[in-house]
Each structure stands twice: as C-alpha cells, then as structure tokens.
Amino acid sequence: MGANLFVNYGEAVAAVLFGIGFGNLLLQKNLIKKIIGLNIMDSAVYLFLAEKGYIIGRTAPIVTGGVQSVEAYINPIPSGLVLTGIVVSVSVSALMLSLTIRLYRRYHTLDLDQISLMIKKEEET
Amino acid sequence: MDFICNFPFFSILISLFSGTICSVLPGKAAKWVNTFVIVLIGAMSAALLWYLLGTGESFVYMMGHFPAPWGNEIRAGVLEAATALFFCIVMLLSMWGGRKKLMEEVEPSKHNLYYILVNLLLSSLLALIYTNDLFTAYVFVEINTIAACGLIMIRQIGRTLEAAVRYMIMSLVGSGMLLIGICMMYDLTGHLLMSNIQESVTAIIEEGTYVIPLVMAIALMVIGLAIKSALFPFHAWLPDAYGYSTISSAAILSSLVSKGYIFLLIKIIYRVVGFRIFHDTHIINVLFVFGLMAMIFGSLSAIKENDIRRMIAFSSVAQIGYIYVGIGLGTQVGMLASVYHIFAHAAGKALLFIAAIGLTDVSGFSRKFIDLTGAGYRNKIAGIGFTVGSLSMVGVPVFAGFVSKLLFAQAAVNNVGKMLPTLIALGISTILNAIYFMKTVIRIYTPRPDAPYESVAIGKEKLYAVSIVLFIALNIMLGMSSQPVVDAIHAGLEMFG
Amino acid sequence: MSRKKTEQEYRKTFAFHFFRWLNGEKDPYLGEVEMKPQEPYKETEEEVKARIREKNMISRRLYGVAKSKEMKGLERFYKAASIIFCCILIYLLLFTVSYLPPVGTADRPVNNEVPQRYIENGLQETGAVNIVSGMILDYRAFDTLGESHVLFVATVTVLILLRLDKKKKNDGEISIEEAEANDRIYEPKNDAILQMAAFVLVPIIIIFGIYVILNGHLGPGGGFSGGAIIGAGLILYLNAFGFQKTERFFTEKTYKWISFGSLSFYCIAKSYSFFTGANHLHNIIPKGTPGAILSSGLILPLNIAVGLVVACTMYAFYAMFRKGGF
Amino acid sequence: MTVFTYLLMGFLILCAISVSLSKNLLNSILIYMSYSLIMSIIWVILESPDLAITEAAVGAGITSVLFFVTLKKIHAIGGKERSDEQEENGTGIS
C-alpha cells in the first residue's frame, strides 16, 4: 500500500462503493436491486472523479467579485464531466427499469435465472 | 485547410441530426432518410480516404474555437477513413438484407424508432472512430450501448428482452470500468485529449513516480472495452442477442458494434498509451490468453449448438478471440492482422447472418439443422451466400478469411515466445470451424426427397438478393485484392504512432 | 351599542364558516369538487382461478429444475467466487488509490494549464460567469451534444418498450394489456389534499426550474438540472389531476415537436459554432456583458433547449411507465 | 468540517451496504434515496453546487420516482402480493 490512502479517503470510499455496487450487480437475484447496485456503482465513479477537482480552501468555480485567478477557484473540469455522467446514468436506469417492467409483465418474476428457465420451458412446450 | 477536412465532422453531425429528424417522420420516410444518410456518409468517407491517401498525412480537426488542450478534437487518418467507409457499406447492406424481416417482426408504428436507433448507432460508431478525446469516447460508447440494446429488443419476444437485460448489465459493468480508468488517466496526466495524454504518459514512465496507478488505469480501460466487446468469459449475453433479434440488428451488432469498441481499444493502445509502453505491461498477456481461450471454447460451443443462428453467434465469440490474440501478440504485424480481421469478420459474419435468415425462411421458420436439409436448393442465393460466408470464415483461399489467417500465422512466427500456442490454437480453431461450417453447408445441399417446403425464386426478393450479391463481392474483393487494403491499414497504423 | 346577531345572520358570516370548517363539522369540498367513488377492481372467480393456476404452474415448472443438487452447488460456487472477486477488486482499487496524487492539494497533474485558461480567460472567451457552464457548453461542447443524445436515445428505447399502440377497438373496451399498463383506472381520483398541495406547489416548482435554467450561465444550475426540476413539477401535477387534465396541453405530439425542435436547434447551433471554429471564421454571435441575463452567446439558448428536452423527457418517462402513452 | 465529511462518507457506505442487505424492495429504494441525498451534500462540500442541484433533482427526485412507479407496476407496493400468497395457501378461493 502506498502512502496516500488516508489522504485520499474520498477516493478510497469511492473505491469501496464501486466494489459494493459491483457485488450487488453480481450477487443480487432481484433485478431492481441489480439496478440499484448499478446506480451505486455509477455514483461511486462520479465521486471518484469529483474528488480530483477539489482543492482545499478554494471555492466553487463561479466568478465572484471579478476575481479571475487560479488561486481562487477549484478545477472546473471534473464537475463538468460528472454532470455529463449523471445524465448518462439516469437514462440508463430509465431504460433498465422499463426492461424490468416488460419482463415482469410477461413472466411475473424478477429473477433473471428463473426467467431464462421459463423461456426454455416455454419453447419446449 | 481544405474543405474536405470538414468531412469527418459532417458525417458525425449529419448522422446525429438525421436521428432527430427521423423522430418526427413516419416509418417509410425514415427508411429513405436512413438509406440516404448512410450512402452520403459512405461517399464522404470514400472521398476522405482518397484525399488522405493522396496527402499521406493525418489531420486533427478542432471542434469549436479553442485549440488542442482546451477544446474537443477529432482526428482523421487513413485507417479511420477506411474503417468509416467499410462500416457504412456493411451497415447499408445489412439494412437492405434484413428489411423484409424487419417489416414482419417489428410493429409498423415503431419502424421510425428503429431507424432513429440505427442513425444514432452509426453516428456513435463514427465518433468512436474519429475521436481524439477520451471523454467524448466514453459518451459515445454509452450512446452505442443504449442504441445496441434498442436494436436487440426491437423484436419483442422473451428471449430478446432477457438478452437485452444481460447485455445491458455486462456492458454497464464495462462502461463503469472504462470510466474509472479514464478518471485515473485524467488524474495522472491532467489531460483528456489523446495526444496530450501520450506525452504525459511517456514522461510518467521516465520519471517512474506514478507507474502503478498508470498500469492499473490502462488495465481498467482495456478490461472495460474487452467486456463490452464480448471477449470470451463475458459473452453470456451474446448467443441470445445475436440469435433472436431481428436479422439486420444481428448483422449490425455482430459486425459493427463490437468492432467499434475494438477499434477504440486499438486507438487507445496506439494514441493514448503508446505501443511500446503497452507492450511492456503484462495486460497484453492476459488479452492473449483470453483470446486463445475464446478461439477454442467459442468454436466448441458452436459445434454443440443445434440452432443455426446461435451457431453463427458462437462463431463470433471465436472470431473476436482471433482479434484479441492478434492484439496480444504485441507486434506490429499482429496488430495489422487484427485490424484486417475486423474487416474480414465484419464482411463474413454479416453475410452469414443475412444468408441464414433466407435459409430458415424456406424451412418453415425452423432454425434446427434437421429442417434445413436441402434449403440451399430452395433459396439458391441464400445458399450460395451462406457457402461463401462459411468458406471465408474457415479460411479458404480467394475469400477474406484466408488472408487474415495468413496474416495471423505470419505474426505468430515473428513472435518467438508466443508462436507455439498461437499456431496450435489457430490450427485447432480452423479445424473446428471447418467441422461446424462444412456440416451446415453439406446439410443445406443434401437433397430432400419429400420436399415439404416451397422454394423461393430469386426475383421475388430483389433487395435481399442484391445485398447478398454485394456481400459476396465484398468478401471476394477483400480476399483477392488484399494487398491495397493491407497497405492502407499499414499506412493508417503508421499514422497512429 | 353592540347588537347581538341572530343565529340566522351569524350563520352567514365568514367566522361561522371558518370555525365550522376548523371543527370539521362540514366538508367544505362537499358538492363542490367532483368526487367519483373508485370502482373497485373485481376479479371474477374464473380470473382468480386462472391466475392462481398459472402461478402454481410456473412454480411447478421451475422447481423441478431449480432444486436439483447440482444447481445448488453451482449457485454456491458462483456466490463465493463473486464475493472473492469483489473483494479482490476493492483491494486492487484501494491499492491504486493509495498511490494516486493526494487530493486537495494544488500541485497535482490535474491542475495544469487547462483549468488555468478556463478560469482566467473563461469569462471573456465564453461570457459565462459560471465556469462549469462555460466549459461544458463552449469549450467541451461536443461531449455535451453527445450527452443530450444519450437522453434522446434512452427515450427512444423506452418508447419502444413501453408505448402501447392503440389498436382499433369497437366499444371502448379495455384490453388486458392496456389495463395492466394503465393502472390509474383502478386508483382513487381527485384526492383533495393532493390537489390542494399540488395547486400550491406546482407553480413554485416550475418557476424555480425556470429560474435554474435561465440562471445557468450566472450561477449553479443549467439546462439539465432545471429541466429535471420542471419535469418533477409536471409529474406532481399529473399525479394530482390525472391524465385527462394533462392531455389538454401535453400530448405525444407536443413531446415530439418540442424535443425535435430543441434538439435540432442544439445540433444546428453547435454545428455552426464548430464549423466556424474549425475553419477559423468569425463567429457572429455576440457575447454580451458578462453577468447580465442576456449574455454569454449561445449558452443561454442552449440551456433553454436542453431544459425543454429534459423536462419533456422526464415527463415522458413517467407517463410511459405509468400508462404506456401520454 | 473534516469530521462532518468523514461522517457523511461513513453514512454513504452504510447506506450502500444496507441497500444490499435489505429484504424489502421499498425499503431499499428509500435507502437509495437517502444515499443520493447524502451524495448531494457531499457535492456541496466538494464545492460543486452544479452537481448538488443536479443530483438532488435527478438522483433523489426523478430516479426515485421512476423506481417507485416500477415497484407499483410489479405490484411490490401494497398488499397485493401477500393476498396472492394467502390464496395459494388455501385461504382464498380454491
């Protein structure tokens, strides 16, 4: 382990959250929980990204009082990237949820393995 | 700057905009818009390719008023233009070949939505090809993923819905890893533009301060893209998605979508990390091993399969394995073989899918091999198309697959350490390929005395026949006159470095 | 001299009504708000039987396979393997994080000349006081163009999945599929508390959303967040007053044309700016005085366009999920 | 301020774990909502007000609403599912 683990605690938390979301995605049987895990994973990445821009003692990048020096504001790039990312994540979760609704309407269950078993049975008969 | 330098930008924007336009048009008009846009972009890419071969230099194009490290950029070289042209051709032919099936399998009121998806998919592919910025690549990867999911589930039966869910879960894991890799890369280098990142990466390697996170960042990006392009252990969604979606979707997905990610991966290897540095990390060996496994296990699964379309889908797994083996060899020749195989596989696999649907249609819509007996006589053009595609996949001379296998063998010989496993796997995989494809070809040309199904005349489905003939021509052209293509790829890879 | 009111007169005063309402003696909405008792959703005996039979059959079909020993062993192996894999992933990421440059300091590679120019010249070059807005809509506008199309393509896929296309039916009869999709048929309508709350809140929410959109280049906010707020307001309105009211001003056609108009405006405006930028032509769009509401060139119109698209899209998502149509 | 940040980060992990362990879908979505809210406070601490507004409007607002509608669609809110089980056990119509 390197020296910066405790200085970078925000990023460490993001890494742990990423792992938890990933585990949810693999382990949960319920589709809704899988989607929540996906969302957790995404927001962990955004937290990871946003930590990059933060600089202690500087303020948000909105020009106030005509001050335009680098010393006054944090790095605006990560904020912009995360903004883009949030849009992506909300569209993806809407799509996943609508897929869930369609699957439930047809098979009345949320377990993906059960659904595939049912499909196989359906085709045999 | 010549006016022709605007063409990459025009092609991305036109396809994006046509997606928006299709949302207010009825299905028929959307169909014409789609065809027109693909042809237009293909023509522009061809002109650009001709121009670039003339000048022999790549160029960057500023997206906005701000120069390199501040604004977005796209970049065009010979390889980019050639890939764009090729993708346009394959997409157009796939759309033509699957049009009749599309009319049957998709609700009429949702046709224009299908064309929106295809247009946006094309624009995202073009953006992935031309981009010079990692974050832009991420955004368009997402568009590509969602549009591909739409293509899978446009035919709404249980199998495709399930496959769409599995596909989304897999790809989103991949995108998450890609994004976190991009974040780390940004953190270490402070740039998002590929050329600037490469300078910083070289500096980091020389200084030796951040080598561990750098390797991790590269690994995350590569694994993310490998997951998205269905490398061997991550292919669970693939057979159902390719096997049950409507046929144009299957052709486009297998030949273009996964290839878009691989193209981005190659671009990252050359333009972001640098070939030398990438070669020195051990990620390359991981890719190599998984590629070998994919070659063999994909073919084995295909042999076991009793369903023609799922068999072709499993064959895709094996072929993607070939491409990764080429990358994993870590030589310039291996990379060349991989890029050539992207083309060869795209042409061959799309042809196989399109031909397979013609065969199943004259066999009572059954995909089981037993019912396909004699299908080659009932739908002649589809039978010929399937045979050509199979021969190309097996690697018979004259067809595209032969050249790529030759290039792979050449590349393997150049690399002493990895020569033996590559050649062995290549041999085994070719034999397995031959077994399952030739089995099918023999089956469709075995006469059937009782003749329970009616045959179809070629003149009845003109568009379908045209698309198959053009696909066959494309395959033979790639195989016969491979030298110009190889030269162009070589020049393009030189421009990357 | 004070006069005592008779009870008759007192009954007409406001105070009487007020206290009566306060004590809850009379429902003030009685006879004034249209109240339709909800029709209870009744299943006939056959339907219930069919449903139970189907359910049992499904479970029987499943557990014949799922409970075999092999499957259980495989499942357990899968679980253990994925837990181990997650732990390894977390460990690797933490290991990497521990070597990354320290957070919060100014001398990391991220703080190079790129943010420097954004901060020092951003106000003059883009005209936006909010540097993040200026960055995403001017310096790195191509990403944002892609982002709005991500939302668009997601809407298209949701439409494919959930839109119910009206089939011609003779006698207004509801098919099973439609009933499944449109669950509002079996729900209480005209809930007075909800309607009152919505009556107060919806205008405030929408005005706040408009403020956030219009203020995008001057302060925190912008098209996406403002649009999402407006969308939330519309969803609240829909929930309180039902689809019949919203259909008066928002149908599928409205959605189609608004999103088409905004996205094509976005595309064309940005194409113009990309084209002029790349060919080193002069951009004729004025920047205005920084800090004024009408400033910063294309950023304000683009924010409005994005806001419209996002508001409509959010509403469309909700309507699709709820009813399978607008 | 640092202690506050530590606390919020701790909550974040707590929420993520309890989402995974909670049996009830409604509960896990409520917990996810609070996760989003905490996240938006963290954005404020990280000096990114744009993100805070967006996360509050989208993560805690729209996404949760979509989750709730989905739960309604799959009959996981209310007693419908339970009554089915009763019927199966023979208390209902047989």
Side-chain angles (χ1 to χ4, degrees), chain A residues 9-10 12-14 16-21 23-24 27-28 30-33 35-37 39-44 46-47 50-51 53-62 73-76 78-80 82-83 85-87 89-90 93-94 96-98 100-105 108-110, chain D residues 1-2 5-6 8-26 28-33 35-36 38-40 42-59 61-76 81 84:
Chain A
Y9 63 91
V13 167
V16 173
L17 287 177
F18 187 86
I20 293 174
N24 261 351
L27 288 170
Q28 295 285 357
N30 194 315
L31 262 176
I32 300 259
K33 290 233 185 146
I35 299 169
I36 294 179
N39 272 315
I40 289 178
M41 211 173 85
D42 277 351
S43 51
Y46 305 144
L47 178 62
E51 288 277 344
Y54 180 61
I55 299 165
I56 296 169
R58 302 192 184 173
T59 58
I62 294 163
Y73 305 110
I74 66 161
N75 186 347
S79 301
V82 174
L83 212 54
I86 289 177
V87 181
S89 116
V90 69
S93 36
M96 289 294 289
L97 287 173
S98 51
T100 313
I101 292 179
R102 277 305 295 264
L103 277 175
Y104 185 85
R105 220 181 264 170
H108 293 275
T109 174
L110 289 176
Chain D
M1 205 61 181
T2 331
T5 321
Y6 284 141
L8 284 179
M9 297 273 179
F11 268 133
L12 220 50
I13 293 182
L14 201 72
C15 282
I17 291 175
S18 49
V19 163
S20 339
L21 298 182
S22 148
K23 292 269 184 249
N24 189 334
L25 284 181
L26 188 61
S28 41
I29 288 168
L30 288 173
I31 297 168
Y32 176 69
M33 251 174 112
Y35 173 91
S36 283
I38 295 169
M39 198 57 122
S40 80
I42 289 179
W43 296 138
V44 175
I45 291 176
L46 290 177
E47 296 288 344
S48 320
D50 292 87
L51 297 182
I53 288 184
T54 314
E55 179 80 33
V58 172
I62 300 283
T63 313
S64 310
V65 168
L66 291 184
F67 269 116
F68 284 132
V69 183
T70 314
L71 279 201
K72 184 154 181 50
K73 284 286 169 194
I74 62 176
H75 309 300
E81 204 72 342
D84 276 4

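None of the values given here were measured: they were computed from a predicted structure. Sequence lines set the chain letters: A, B, ... in the order given, protein chains first and strands last, and positions in each chain run from 1. FYI, side chains are in, hydrogens and waters are out, and symmetry mates aren't considered; it's all heavy atoms of this structure.
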Quick check on A/Y9: does its OH atom have over 12 non-hydrogen neighbours (other residues, nucleotides or ligands) under 6.0 Å away?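 Check passes, neighbour count above 12.
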Atom pair [atom1]/[atom2] of [X] and [Y] - distance to nearest 0.5 Å:
X	Y	atom1	atom2	result
D/I74	A/L103	CD1	CG	11.0 Å
D/M9	A/L17	CE	CG	9.0 Å
A/L97	D/T63	CG	OG1	8.5 Å
A/L83	D/D50	CG	CG	6.0 Å
A/S43	D/I42	OG	CD1	10.0 Å
A/T100	D/F67	OG1	CZ	8.5 Å

Contacting region of [X] [heavy-atom separation from chain D under 4.5 Å]:
X	result
A/N39	both
A/I20	side chain
A/S93	side chain
A/I40	both

Identify, with sequence neighbours excluded, every residue that meets side chain to side chain contact (heavy atoms under 4.5 Å, CB included) alongside D/S36.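 Only D/Y32, D/E55, D/A60 meet the side chain to side chain contact (heavy atoms under 4.5 Å, CB included) criterion with D/S36.
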Taking side chain as everything from C-beta outward and backbone as N, CA, C, O, which of these in D/I45 sits under 4.5 Å from a heavy atom of chain A? Side chain, backbone, both or neither.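 Just the backbone, heavy atoms under 4.5 Å.
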With a 4.5 angstrom heavy-atom cut-off, is it the side chain or the backbone of D/V19 that approaches chain A, or both, or neither?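 Both parts, backbone and side chain.
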pair A/I36-D/Y35: side-chain heavy atoms closer than 4.5 Å: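 Result no, sub-4.5 Å side-chain heavy-atom pair not found.
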Of all of [options], which one pairs up most often with chain D through heavy atoms under 4.5 Å apart?
options	result
A/V13, A/I62, A/V16	A/V13
A/L47, A/I56, A/L110, A/V87	A/L47
A/I32, A/I55, A/V90, A/L27	A/I32

For A/K33 and D/S28, which heavy atoms make the closest approach, and how far apart are they?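 Nearest heavy atoms, A/K33 then D/S28: CE-OG, 3.8 Å.
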For D/L46 versus A/I74, what's the shortest heavy-atom pair and its separation?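 Distance-wise, the nearest heavy atoms are O-CD1, 3.8 Å.
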Check ring-ring contact (aromatic ring centres under 6.0 Å, His included) between A/Y46 and all other residues, then give those that pass, not counting sequence neighbours.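 With sequence neighbours excluded, A/Y46 shows a ring-ring contact (aromatic ring centres under 6.0 Å, His included) to no residue whatsoever.
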Please determine whether side chain to side chain contact (heavy atoms under 4.5 Å, CB included) holds for the pair D/T70 and A/I35, giving the CA-CA distance in whole Å, both sets of side-chain angles, and the decisive distance to 0.1 Å. CA-CA 12 Å; D/T70 314; A/I35 299 169; over 6 Å; no
Under the 3.5 angstrom rule, does the side chain of A/Q28 hit a backbone N or O of D/S20 as a donor-acceptor pair?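 Confirmed, A/Q28 side chain pairs with D/S20 backbone.
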